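Read through the structure below, which is laid out as structure tokens, and then see the notes.
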Amino acid sequence: MDQTTRQLIDRLDADRSLPLEGYEYLVSHYSPMAAKRLEQLAVVRRKAVYGNSVFIRGLIEVSSFCRNDCYYCGLRRSNEACERYRLSDDEIFDRVGAGYAIGFRTFVLQGGEDMRFSRDRVASIVSSIKERHPDCAVTLSLGERDRDTYAAWRDAGADRYLLRHEAADLAYYETLHPSNMSGETRLACLQDLRDVGYATGAGFMVGAPGQTSAHVAADLKFIEEFKPEMCGLGPFIPHHSTRYAHDAAGTVEQTCFLLSIVRLILPTVLLPATTALGSIDPRGRERGILAGANVVMPNLSPSDVREKYAIYDNKAHTGVESAEGLEDLNSRMGEIGYRIVVDRGDPATEDPINDAGETKGAIVAGDPVAAV
Ligand code: SAH
């Protein structure tokens with residue numbers, strides 16, 4: 001690791017911020033040594049806020065229909081080979097009930113932009129879930145909608161919303177999307193989500209086609225400034241029926257490196273070790289947690305639709321990637337010194353190191369999962 005990289009890492013840890021060129025330098029000077037240093041510092045921050053707790057979210061993929069045509073995504077509208085499905089309300093409630101029984105206290109309803117999931121229908125699904133399980137959080141990830149719709153879902157009880165910004169460099173955003181989509185709209189949606197009161201999640205793919213260090217630096221600056229409560233960072237993985245079928249996937253190393261950087265920028269952020277990370281490496285989940293992540297989102301969709309929600313090739317949905325594999329996931333987290341908790345896993349509002357100038361000790365919420 002060169003002297004400049006070392007100084008930038010120390011500065012990032014102290015200030016939670018770097019100038020744009022600092023981020024670009026750091027990202028373009030990846031080395032195993034730099035990654036190790038970032039990881040050590042990120043884990044200190046993560047443990048000060050969240051101890052060794054790992055939050056779990058039950059991911060329910062409600063629809064593979066999508067009105068959009070994002071060039072990288074297997075669910076894109078123009079992919080005629082994609083098998084389309086949408087869950088009924090009862091199927092969703094059934095999966096929520098099954099997830100509750102095994103210890104999930106946050107449910108994420110994710111899908112393509114399927115207008116059959118109308119404003120009223122989603123509001124009614126959310127309020128039914130909250131009525132049945134008032135101790136649970138509901139996260140939505142249903143793409144770009146208007147502010148009134150976001151507000152209606154929030155009023156119905158939804159707590160959080162995941163909408164990756166995908167690319168903060170607007171010209172680069174355009175290369176990944178058709179001309180009817182824009183980075184400005186995406187960012188405006190994120191602002192609407194925040195304004196109507198959601199804990200808001202941004203994020204981007206690591207190693208996406210044509211992505212440069214300067215693009216990633218812009219993403220990190222955006223994350224620093226917007227301060228999302230959640231941040232989804234996973235490797236890009238090609239899908240065979242997209243124009244990027246033969247592009248290289250992002251790497252575990254680069255993803256973990258960026259997870260550590262994001263943890264240093266936002267010590268309290270909810271940071272998942274994503275399914276994509278688990279899909280390119282059998283120990284991807286663990287490696288993400290060890291780099292500073294604190295959330296995992298096992299698949300709680302009905303098993304017959306999991307294959308169909310194919311945003312990229314070889315998406316993991318069994319074993320520790322599945323809700324049924326929770327016991328296994330728990331023991332694998334145990335092996336690396338972490339533990340899954342039965343808890344809504346809300347974002348911490350306090351960062352003991354920076355807020356007090358010294359570590360106050362871990363704020364550890366939730367009961368460990370004893371017998372899942
Ligand atoms: N329609 C919703 C949910 C999209 S799927 C929305 O627009 O937010 C969730 C995320 O999967 C996307 O935000 C994108 O960053 C990621 N994704 C899509 N295609 C991918 C691919 N080929 N490789 C890795 N991640 C991908």
Side-chain angles (χ1 to χ4, degrees), residues 57 59-77 79 82 84 86 108-117 122 139-145 149-150 153 160-168 172-173 176-178 180-183 185-190 192-193 198 200-211 215-216 219 223 228 230-252 254-255 258 272-281 284 297 299 301 306 308-317:
R57 311 334 189 166
L59 179 64
I60 305 175
E61 296 154 335
V62 298
S63 176
S64 68
F65 285 90
C66 190
R67 63 174 171 176
N68 278 336
D69 216 24
C70 308
Y71 296 148
Y72 45 84
C73 182
L75 303 187
R76 55 198 298 259
R77 184 185 61 217
N79 179 13
C82 174
R84 309 290 173 174
R86 65 171 63 86
V108 182
L109 308 187
Q110 184 172 80
E113 287 189 19
D114 178 358
M115 293 305 111
R116 294 281 187 90
F117 279 90
V122 173
T139 303
L140 298 175
S141 180
L142 300 170
E144 298 175 14
R145 305 296 281 256
T149 302
Y150 287 151
W153 296 346
R160 311 182 189 130
Y161 203 103
L162 303 175
L163 185 81
R164 291 185 179 179
H165 67 282
E166 310 294 0
Y172 175 55
Y173 182 97
L176 297 172
H177 300 91
N180 66 333
M181 296 181 73
S182 83
T185 307
R186 200 84 182 165
L187 299 181
C189 284
L190 279 166
D192 285 343
L193 288 164
Y198 288 93
T200 303
F204 60 98
M205 295 180 289
V206 177
Q211 189 182 61
H215 298 145
V216 174
D219 290 322
I223 286 164
M230 303 168 285
C231 185
L233 279 191
F236 160 75
I237 305 175
H239 183 283
H240 62 277
S241 48
T242 63
R243 64 176 63 181
Y244 303 127
H246 303 293
D247 279 64
T251 65
V252 183
Q254 192 70 14
T255 306
L258 288 168
T274 56
T275 302
L277 192 57
S279 297
I280 58 167
D281 183 322
M297 298 167 62
N299 197 315
S301 304
R306 290 183 194 175
K308 298 180 192 162
Y309 197 83
I311 49 183
Y312 47 80
D313 288 340
N314 305 314
K315 179 166 151 275
H317 54 77

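Quantities reported herein were computed from a predicted structural model and do not represent experimental measurements. Whatever order the structure lists ligands and atoms in, that order sets their numbers, starting from 1.
Checked options T200, L162, I223; the residue passing with C231 is I223 (criterion: side-chain contact (heavy atoms from CB on, under 4.5 Å)).
Residue contacts with ligand 1: Y72 is placed with a nitrogen or oxygen under 3.5 Å of a nitrogen or oxygen of the ligand (distance criterion only). Annotation: Q110 places no N or O atom under 3.5 Å from an N or O atom of ligand 1; distance criterion only. Close N/O approach between F236 and ligand 1 is not found [any backbone or side-chain N/O within under 3.5 Å]. Checked by distance only, ligand 1 and C73 stay at 3.5 Å or farther apart across all their nitrogen or oxygen atoms.
In terms of the side-chain hydrogen bond (donor to acceptor under 3.5 Å, both in side chains) criterion, residue partners of R67 (sequence neighbours excluded) are, by chain and number, E113. Among residues two or more places apart in sequence or in another chain, the side chain to side chain contact (heavy atoms under 4.5 Å, CB included) test is passed with D281 by V252, R283, R287.
A salt bridge links E144 with R186: at least one charged nitrogen is closer than 4.0 Å to a carboxylate oxygen.
Neither the backbone nor the side chain of H239 comes within contact range of ligand 1; no heavy atom lies under 4.0 Å. With a 4.0 Å cut-off on non-hydrogen atoms, E144 does not touch ligand 1 at all. Contacts between C70 and ligand 1 below 4.0 angstrom, taking non-hydrogen atoms only, are absent altogether.
Nearest to atom 25 (N) of ligand 1 by heavy-atom distance, out of R76, E113, H165, M205, is M205.
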Go through the steps for D313 and H240 under the test side-chain hydrogen bond (donor to acceptor under 3.5 Å, both in side chains), then give the verdict. CA-CA 7 Å; D313 288 340; H240 62 277; 2.7 Å; yes
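Here the heavy atom of the protein found nearest to atom 23 (N) of ligand 1 is I237 N, 3.0 Å. For atom 7 (O) of ligand 1, the closest non-hydrogen atom of the protein is R186 NH2, 3.3 Å.
Close contacts between ligand 1 and L163 involve ligand atoms 8 (O) [criterion: under 4.0 Å to a heavy atom].
Distance screen at 4.0 Å: atom 2 (C) of ligand 1 has a protein heavy-atom neighbour inside the cut-off.
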